[in-house]
Amino acid sequence: MNIPEEFYKFCLGLHQDSVDLYGPEPQDWIKGALGFVQKDRHAVLRDFLVDLLSGDYSDAQLNEIYFSTDAEVSIMGVRGVRSFLEMLRDSIETRPPQ
């Protein structure tokens with residue numbers, strides 16, 4: 001699987017201070033970490049997430065992909081990473097065009 005640089009940049013924004021800097025909710029972390037990705041590159045990240053969440057990858061594979069990055073925020077639960085990545089995808093899709 002070819003993981004785009006934009007995904008790695010987003011995950012860099014998920015660090016141990018995310019709750020303090022961005023807020024207590026996963027939606028807050030997403031909004032804050034998206035600042036690590038240039039706005040004109042959000043479509044690349046969204047397209048990657050659409051493919052990743054298409055059903056071709058198991059929850060275990062999604063966990064492996066997420067935890068292979070520098071993200072310091074642990075997403076718990078069997079479907080935790082999938083749900084988080086779905087939130088991220090939906091957040092990008094609903095953002096107004098830049």
Side-chain angles (χ1 to χ4, degrees):
M1 148 150 297
N2 184 22
I3 300 173
E5 180 180 344
E6 291 77 9
F7 185 70
Y8 287 110
K9 286 182 177 182
F10 170 79
C11 290
L12 265 175
L14 297 171
H15 47 74
Q16 61 187 5
D17 296 326
S18 292
V19 172
D20 293 332
L21 292 175
Y22 307 141
E25 300 298 326
Q27 295 88 344
D28 300 327
W29 311 337
I30 288 170
K31 184 178 177 183
L34 275 174
F36 282 70
V37 180
Q38 293 178 352
K39 288 183 182 183
D40 64 344
R41 304 299 295 167
H42 284 190
V44 172
L45 178 57
R46 182 196 61 233
D47 292 346
F48 169 70
L49 293 166
V50 167
D51 180 52
L52 194 63
L53 297 165
S54 67
D56 293 339
Y57 298 94
S58 69
D59 290 336
Q61 289 171 309
L62 294 180
N63 286 341
E64 184 177 325
I65 291 166
Y66 176 79
F67 289 110
S68 73
T69 70
D70 289 327
E72 294 178 354
V73 173
S74 291
I75 308 298
M76 306 306 285
V78 174
R79 290 187 39 90
V81 169
R82 180 177 300 276
S83 295
F84 183 74
L85 294 177
E86 287 170 347
M87 258 191 283
L88 170 58
R89 179 203 58 209
D90 295 347
S91 172
I92 295 171
E93 289 180 344
T94 59
R95 292 175 85 92
Q98 301 295 319

**Q** Find the distance between CD1 (I30) and OG (S18) and round it off to the nearest 0.5 Å.
**A**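 Here the interatomic distance stands at 11.0 Å.
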
**Q** Among residues at least two apart in sequence or on other chains, which ones pass side chain to side chain donor-acceptor pair (under 3.5 Å) with D56?
**A**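 Expected list: S54.
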
**Q** Among the clusters formed by ILVMFWY side chains lying less than 4.5 Å apart, do V73 and F67 turn up in the same one?
**A**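 The answer is yes; both residues are in one hydrophobic cluster.
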
**Q** With sequence neighbours excluded, what pairs up with D28 under the side chain to side chain contact (heavy atoms under 4.5 Å, CB included) test?
**A**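 In terms of side chain to side chain contact (heavy atoms under 4.5 Å, CB included), with neighbours along the sequence ignored, D28 is linked to Y22, P24, E25.
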
**Q** Judged by atom type as modelled, is there a donor-acceptor pair below 3.5 Å linking the side chain of H42 to the main-chain atoms of V37?
**A**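 Answer holds: yes.
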
**Q** Under 4.5 Å between side-chain heavy atoms, hopping through other hydrophobics if needed: is there a path connecting Y66 to V50?
**A**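 Y66 does not cluster with V50.
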
**Q** Side chains of F84 and L14: closer than 4.5 Å at any heavy-atom pair?
**A**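 The answer is yes; the side chains approach within 4.5 Å.
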
**Q** Please say whether more than 12 non-hydrogen atoms of neighbouring residues, nucleotides or ligands are located less than 6.0 Å from CD in E64.
**A**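 Not buried by this count: 12 neighbours or fewer within 6.0 Å.
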
**Q** When rounded to the nearest 0.5 angstrom, what is the spacing between CG in D51 and CZ in R89?
**A**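 Nearest 0.5 Å value for the CG-CZ distance: 12.0 Å.
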
**Q** Give every residue pair that meets the side-chain hydrogen bond (donor to acceptor under 3.5 Å, both in side chains) criterion with at least one member in residues 68-77, sequence neighbours excluded.
**A**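 Pairs touching residues 68-77 that pass the test: none.
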
**Q** Is there a side-chain contact (heavy atoms from CB on, under 4.5 Å) between I75 and W29 once you walk through the steps?
**A** CA-CA 11 Å; I75 308 298; W29 311 337; 4.2 Å; yes

**Q** So how far is it from I65 CD1 to L52 CG, rounded to the nearest 0.5 Å?
**A**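 Result: 4.5 Å between the selected atoms.
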
**Q** Testing the basics here: between Y57 and L62, what is the closest heavy-atom pair and its distance to 0.1 Å?
**A**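 Minimum heavy-atom contact is CB-CD2, 4.0 Å.
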
**Q** Give a yes or no answer on whether the side chain of S91 reaches the backbone of M87 with a donor-acceptor pair at less than 3.5 Å.
**A**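 No, because the side chain of S91 does not come within donor-acceptor range (under 3.5 Å) of the backbone of M87.
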
**Q** Does any non-hydrogen side-chain atom of D59 lie less than 4.5 Å from one of V81?
**A**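 When only atoms from C-beta onward are counted, D59 and V81 do not touch, as no gap falls below 4.5 Å.
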
**Q** Quick one: CD on Q27 to CG on L88, what's the gap to the nearest 0.5 Å?
**A**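 Answer rounded to 0.5 Å: 11.5 Å.
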
**Q** The criterion is ring pair (Phe, Tyr, Trp, His ring centres under 6.0 Å); which residues satisfy it with F7, sequence neighbours excluded?
**A**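 Counting only residues at least two positions away or on another chain, F7 forms a ring pair (Phe, Tyr, Trp, His ring centres under 6.0 Å) with F48.
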
**Q** Could you work out, with salt bridge (charged side-chain N to carboxylate O under 4.0 Å, His left out) as the rule, every residue matching E5, not counting sequence neighbours?
**A**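 Here the qualifying residues are K9.
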
**Q** Would you compute the distance between atom CG of L45 and atom CD1 of I92 and round it to the nearest 0.5 angstrom?
**A**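 The CG atom of L45 sits 4.0 Å away from the CD1 atom of I92.
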
**Q** V44: which residues meet the side chain to side chain contact (heavy atoms under 4.5 Å, CB included) condition with it, sequence neighbours left out?
**A**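 Side chain to side chain contact (heavy atoms under 4.5 Å, CB included) list for V44, sorted by chain: P4, E6, R41.
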
